[in-house]
Amino acid sequence: MSFIKYGSVEEYKIEFDYSSIHILVDSNTKKHCLPKLPASLTEQANIIIVKSGEMHKTIDSAKMIWEKLSNKNADRKALMICLGGGMVGDLGGFCAGTYKRGIKYIQIPTTLLSMVDSSIGNKTGIDLNGIKNLVGLFYPPQVTIIDHRFLVTLSSRQILNGYAEIIKHSLIAKEETLFDQIFEKDLLKCEPEKLIPLNIEIKSQIVDQDPLEQNSRKWLNFGHTVGHAIEAQAMQKGIDMLHGEAIIIGMMIELELSTAKLGFPQDLRNKIIDWIKDNYRIDADWIKSEAKRLLNFMKNDKKNHEKRTLFSLLKSKGDCIENVECDDKLILQTLQRHRKW
Ligand SMILES: NC(=O)c1ccc[n+]([C@@H]2O[C@H](COP(=O)([O-])OP(=O)(O)OC[C@H]3O[C@@H](n4cnc5c(N)ncnc54)[C@H](O)[C@@H]3O)[C@@H](O)[C@H]2O)c1
């Protein structure tokens, strides 16, 4: 199990042996975040730069990183530092886990989404042929360092992107605290840094109970069966859509499925959907006409078994049920019927 450290990255000192340091950044984190690392670290490091954006979470980027490690003769005691959002964290963790059968790595998440979600829980991976996270491994970092000061250079859109996973945690968590802190609020007026520890706690508790996602960890996939399909289809069509934005739409659709399959209360569902729509302006009118293609993506979801399309849905707030099967007709109807986003 890896552990979490809160505080300033400037004061962080590496507390284990390593033979060389390799810092993975993307073009944005090179500019905004790398200068915040201590010079004692960056001066001795090999900086590896990957292009920013989900479309670069690929095997080509992984190959480039493996080669850069190899060209610098990185041995099995080399250390990788992933300095970036979920894209850099997933990709860098995957390369660290596979290079020479695994080298140590550190996660330094720099987006809200990566602080509350992707840097926690040891999942690493890349997309393949447009399918999200098709290749990957569970591979824990030595430590995850949370320094919320990185958030200052994020746009409002990127902050809302992170709130998508915070909303998810608030809906699946048994305790009310997080939901009470954000429900019906203007999210951009909340203070995200104050919400980070509680989100990490909620995710860590779920992960610790089921680290390899055999059962209850699947609750974290609420909104993601539909969301991943939307994200993948948006990528194929060249539509500008962030991970959290796809997940937000995925959650609204899966809330409707939750009512249809498990009786999630309609009143609360409508209030949640209205609150989400007050906060997010996502251009997603195309979803209706792409319903059949989205369904195909869902059928390819790695969470499925025996060709059944499976979801993690909510019976009520804080009561998530994994492996709920929905038939094609219900999924298509829900996607097509849906009100304008
Ligand atoms: N491993 C997991 O458990 C898990 C969970 C959720 C999501 N994910 C993955 O995370 C990814 C999404 O993560 P993300 O939203 O952080 O995306 P991202 O890493 O692409 O970052 C979003 C954008 O913000 C920029 N950026 C990063 N930090 C910045 C900073 N401090 N200042 C200015 N710009 C900055 C990046 O360059 C990028 O353009 C997806 O690939 C998703 O599949 C993984």
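Whatever order the structure lists ligands and atoms in, that order sets their numbers, starting from 1. For the single chain, residues carry numbers from 1 onward in sequence order.
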Chi angles and distances behind the salt bridge (Lys or Arg N to Asp or Glu O under 4.0 Å) call for D210, K218:
CA-CA 9 Å; D210 175 24; K218 291 181 185 168; over 6 Å; no
Verify salt bridge (Lys or Arg N to Asp or Glu O under 4.0 Å) between E165 and K203, making sure each step is shown before the conclusion.
CA-CA 10 Å; E165 303 286 8; K203 177 155 184 186; over 6 Å; no
Using the side chain to side chain contact (heavy atoms under 4.5 Å, CB included) rule, take R217 and E322 through it: C-alpha gap first, then chi angles, then the decisive distance, then the call.
CA-CA 9 Å; R217 185 171 178 165; E322 70 273 18; over 6 Å; no
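Within the hydrophobic cluster formed by Ile, Leu, Val, Met, Phe, Trp and Tyr side chains joined at under 4.5 Å, directly or through other members, F297 stands alone, with no partner residue.
Across M87, E165, H224, H228, heavy-atom proximity to atom 19 (O) of ligand 1 is greatest for M87.
Counting heavy atoms from C-beta on, the side chains of M115 and I200 never come closer than 4.5 Å. Contact annotation: the side chain of F179 never approaches that of I172 to less than 4.5 Å [non-hydrogen atoms, C-beta and beyond]. You'll find the side chain of L335 reaches within 4.5 Å of the side chain of I287, heavy atoms only.
Among all heavy-atom pairs drawn from I248 and A164, the shortest one is CG1-CB, 3.6 Å.
Not one N or O of S114 is nearer than 3.5 Å to an N or O of ligand 1, by distance alone. Of the polar atoms of G84, none of the N or O atoms is found under 3.5 Å from an N or O of ligand 1, judged by distance alone. Where the criterion is an N or O separation shorter than 3.5 Å, residue side chain and backbone included, L113 fails it with respect to ligand 1. On a distance-only criterion, T110 and ligand 1 share at least one N/O pair closer than 3.5 Å. Considering backbone and side-chain atoms together, K57 places an N or O closer than 3.5 Å to an N or O of ligand 1. On a distance-only criterion, H32 and ligand 1 share no N/O pair closer than 3.5 Å. Polar contact with ligand 1: present for E54 (N/O pair, distance under 3.5 Å).
Contacts with ligand 1 closer than 4.0 Å are made by side-chain heavy atoms of N161 only, the backbone lying farther away.
When only non-hydrogen protein atoms are considered, atom 6 (C) of ligand 1 lies nearest to D117 OD2, 3.5 Å. With hydrogens left out, the protein atom closest to atom 39 (O) of ligand 1 is N28 ND2, 3.1 Å, a heavy atom. From the protein, the heavy atom lying nearest to atom 21 (O) of ligand 1 is T111 CG2, 3.7 Å. For atom 23 (C) of ligand 1, the closest heavy atom belonging to the protein is Q158 NE2, 3.3 Å. For atom 30 (C) of ligand 1, the nearest non-hydrogen atom of the protein is T153 OG1, 3.5 Å. Scanning the protein for heavy atoms near atom 35 (C) of ligand 1, the closest one is L154 CD2, 3.6 Å.
At least one heavy atom of K203 sits closer than 4.0 Å to an atom of ligand 1. In this structure, C33 has a heavy atom closer than 4.0 Å to ligand 1.
Put simply, NZ on K5 and OG1 on T144 are 12.0 Å apart, with the number rounded to the nearest 0.5 Å.
Every atom of ligand 1 is numbered from 1 in the order shown, and the set under 4.0 Å from a heavy atom of K123 is 1 (N), 3 (O).
The aromatic ring centres of Y105 and Y139 sit less than 6.0 Å apart.
Partners of S114 according to the side-chain contact (heavy atoms from CB on, under 4.5 Å) rule, which considers only residues two or more places apart in sequence or in another chain, are P109, T111, S118.
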